[in-house]
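Working notes for the structure below.
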Amino acid sequence: MTRVFQTGILAAAALACSVSSPVANVGACSVDAMLVFDGSTSMAEISFETGPITRIVEARQAVRRAMPDVAPYRRIGLLVYGPGPKGACGNLDLRFGPIEGAAGPVIEAVDGLRPDGLTPLTDAVRWAAEVMEYRERPGVVVLVTDGNETCGGRPCELARQFRATARDLVVHVIGFRAEVDFFAWNNPEQDPLDGTTVASCLADQTGGLFVTTETVDELVAALQRTLGCPVIG
């Protein structure tokens, strides 16, 4: 089981330094998890930092490497947001709820994702929690995003609702090459003086991990840490 956490010295060190909450309730392996994956337009953008390789290309690489390690130990489901026919903020796509042997289906879905649309991450995380019936049973949500809410949602308010009503829901937030938009009119909780790039409050309020990642290795390590089984002893 320890092979789940073998990531290489640099990736492990980067992950340890980027976690804002040093102690997190990762959840037992028997607890179902939902992976919420960002498929918004910005995942396909080319920038000075990324060069010709877009975020979605590297995210696919990370998912291919991480999922075979974590899927044998936990039932995992997938929800993606961004592309679709319902408008920039209306596309929430529940691919499947938690299933055994999810590595292949998750990899196939992410490989086929064509980024588009904006970032309704609040509604996406809420739906993922509903899929697992979070008021009645424990669950884990892992959000992978390259930015903050851009569809008017209030992730911090949602986090407080989870804390008040969930039986035992842990939300982990992984920012992948995330960038903050200080002038985002459609992110009502954004503080123009706050440089936070993703909704860390979702993790803070539920005992989860908030991880910032810049490389494929770091994203692999973060997925293994949040979806994999906790190390005991």
Side-chain angles (χ1 to χ4, degrees), residues 4 26-41 43-44 55-87 89-146 151 153 155 158 162 166-174 176 202-203 206 208-209 219-220 222-229:
V4 174
V26 177
C29 299
S30 60
V31 175
D32 286 348
M34 285 293 298
L35 175 62
V36 177
F37 194 87
D38 187 342
S40 62
T41 299
M43 288 290 285
R55 293 184 184 90
I56 189 62
V57 170
E58 294 195 330
R60 288 174 184 144
Q61 295 173 8
V63 168
R64 291 188 203 111
R65 287 171 52 186
M67 288 305 301
D69 283 341
V70 300
Y73 305 105
R74 190 193 299 277
R75 293 185 355 139
I76 300 170
L78 176 66
L79 189 151
V80 300
Y81 61 80
K86 298 181 180 179
C89 288
N91 296 298
L92 303 177
D93 186 357
L94 175 63
R95 296 300 179 91
F96 47 87
I99 59 173
E100 296 181 359
V106 170
I107 292 169
E108 181 179 2
V110 174
D111 278 349
L113 197 59
R114 297 297 177 261
D116 194 12
L118 295 177
T119 309
L121 66 82
T122 305
D123 286 343
V125 170
R126 179 186 290 109
W127 191 6
E130 294 282 0
V131 168
M132 294 185 296
E133 300 179 349
Y134 74 93
R135 296 177 185 86
E136 288 78 37
R137 61 187 65 184
V140 173
V141 175
V142 177
L143 168 65
V144 177
T145 179
D146 72 345
C151 288
L158 177 64
F162 285 158
R167 176 177 174 181
D168 184 12
L169 179 69
V170 178
V171 181
H172 303 298
V173 179
I174 303 173
F176 181 53
L202 282 165
T206 63
L209 298 175
L219 182 53
V220 170
L223 289 169
Q224 290 174 330
R225 178 71 178 95
T226 55
L227 286 172
C229 296

Handout entry: Test item: R167 side-chain N/O and P138 main-chain N/O as donor-acceptor pair under 3.5 Å
Key = no

Problem - Residue pair F96 / V106, side-chain heavy-atom distance below 4.5 Å - result: yes

Practice task
May I ask you to test the N91-P120 pair for a side-chain heavy-atom distance under 4.5 Å?
Solution key: no

Handout entry: Rounded distance [0.5 Å steps], CD in E58 versus CE in M43
Key = 10.0 Å

Handout entry: Heavy-atom closest contact (T122 atom, G153 atom, distance)
Key = OG1-C, 3.6 Å

Handout entry: salt bridge (Lys or Arg N to Asp or Glu O under 4.0 Å): pairs with one or both residues in residues 91-110, sequence neighbours excluded
Key = D93-R95

Practice task
Taking the side chain as every heavy atom from C-beta outward, state whether R65 and L219 have any atom pair closer than 4.5 Å.
Solution key: no

Fill in the blank from the handout: Here the gap from M34 atom CE to L94 atom CG, rounded to the nearest 0.5 Å, amounts to 5.0 Å

Completion exercise
dist Q61:CD -> I107:CD1 (nearest 0.5 Å) comes out at 12.5 Å

Practice task
Hey, could you give me the CG/CG distance between L143 and L79, rounded to the nearest 0.5 Å?
Solution key: 10.5 Å

Handout entry: Distance (rounded to the nearest 0.5 Å) between L223 CG and M67 CE
Key = 8.0 Å

Practice task
Decide yes or no for P105 and I99: does some side-chain heavy atom of the first lie under 4.5 Å from some side-chain heavy atom of the second?
Solution key: yes

Exercise for the section: Taking side-chain hydrogen bond (donor to acceptor under 3.5 Å, both in side chains) as the test, write out the residues that go with R75, two or more places apart. Expected result: D32

Practice task
Quick one: closest heavy-atom pair of L121 and P155, and the distance?
Solution key: CD1-CB, 4.1 Å

Handout entry: With D116 via salt bridge (charged side-chain N to carboxylate O under 4.0 Å, His left out) - residues at least two apart
Key = none

Exercise for the section: Taking the side chain as every heavy atom from C-beta outward, state whether L209 and R225 have any pair of such atoms under 4.5 Å apart. Expected result: yes

Handout entry: Interatomic distance, L202 atom CG to R126 atom CZ [nearest 0.5 angstrom]
Key = 10.0 Å

Practice task
Please examine the side chains of L118 and S40, heavy atoms only from C-beta on, and report whether any two atoms are closer than 4.5 Å.
Solution key: no

Problem - By side-chain hydrogen bond (donor to acceptor under 3.5 Å, both in side chains) - contacts of R137 (at least two apart) - result: E133

Problem - Heavy-atom closest pair, residues V131 and G97 - result: CG1-CA, 4.1 Å

Exercise for the section: With sequence neighbours excluded, tell me which residues meet side-chain hydrogen bond (donor to acceptor under 3.5 Å, both in side chains) with E130. Expected result: R135

Completion exercise
In terms of heavy-atom contacts, V31 and G139 come closest through CG1-CA, 3.3 Å

Handout entry: Nearest non-hydrogen partners of A71 and A103, listed with the distance
Key = CB-N, 3.5 Å

Problem - Atom of G39, atom of P83 and distance for their closest heavy-atom approach - result: O-CD, 3.2 Å

Handout entry: Pairing residues for T145 by the side-chain hydrogen bond (donor to acceptor under 3.5 Å, both in side chains) criterion, not counting sequence neighbours
Key = D38, Y81

Completion exercise
The single option from V36, L35, V141, V140 that satisfies side-chain contact (heavy atoms from CB on, under 4.5 Å) with H172 is V140

